[in-house]
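What follows is a short report on a single structure.
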Amino acid sequence: MSDPSSWTADGGDGHEQYYLRHLQEANNTNAPTSSPTVQPGELWQMIYVGVVLLVMFALLISDKIGADMVMLAALTACMAGQIITVQQGVAGFANVAVLTVMVSSLGHVFAF
């Protein structure tokens, strides 16, 4: 506790002003007062991606189709729905290692 000689006239030890000032500063922040609104074109995109993810997870869990094909199908669905551009979708395939794995897995899939 603090020395009684430093107490203020209201019987406190002077920390009330410090706490009140910081409480007022915390309340005066520029925090948004309402939740962010969804633009009209964004709602169908959120639903579309949610459905694609649910189907993708269901196919991955069922293990009836290879994971590489499921991921490629999900990527293609996102490109077809214009969620991402074709340039963004194929940008990850620019790495030689990724191309090698893709060609070898496609060769395995289409082998007679």
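Everything quoted here is computed from the prediction, not taken from an experiment. Throughout, residue positions are numbered sequentially from 1 according to the sequence presented.
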Taking the side chain as every heavy atom from C-beta outward, state whether V96 and T100 have any atom pair closer than 4.5 Å. yes

Roughly how far apart are I47 CD1 and L43 CG, rounded to 0.5 Å? 4.0 Å

Provide the closest heavy-atom pair for A77 versus V52 in the form atom of the first, atom of the second, distance. CB-CG2, 4.1 Å

Kindly compute the distance separating CE (M56) from CD1 (I61), expressed to the nearest 0.5 Å. 10.0 Å

Give a yes or no on whether E42 atom CD has more than 12 heavy-atom contacts from other residues, nucleotides or ligands under 6.0 Å away. yes

Can you check side-chain contact (heavy atoms from CB on, under 4.5 Å) on M79 and I84, steps first, answer last? CA-CA 5 Å; M79 288 189 294; I84 59 173; 3.9 Å; yes

For the CG atom of L54 and the CG atom of L59, what is their distance to the nearest 0.5 Å? 11.0 Å

Roughly how far, to the nearest 0.5 Å, is OH of Y48 from CG of L53? 11.0 Å

Joint hydrophobic cluster, V51 plus I65, side-chain heavy atoms closer than 4.5 Å: yes

With rounding to the nearest 0.5 Å, note down the distance linking CD1 in I83 to CD in Q88. 11.0 Å

Just verifying a value: how many Å separate L60 CG and M69 CE, rounded to the nearest 0.5 Å? 13.0 Å

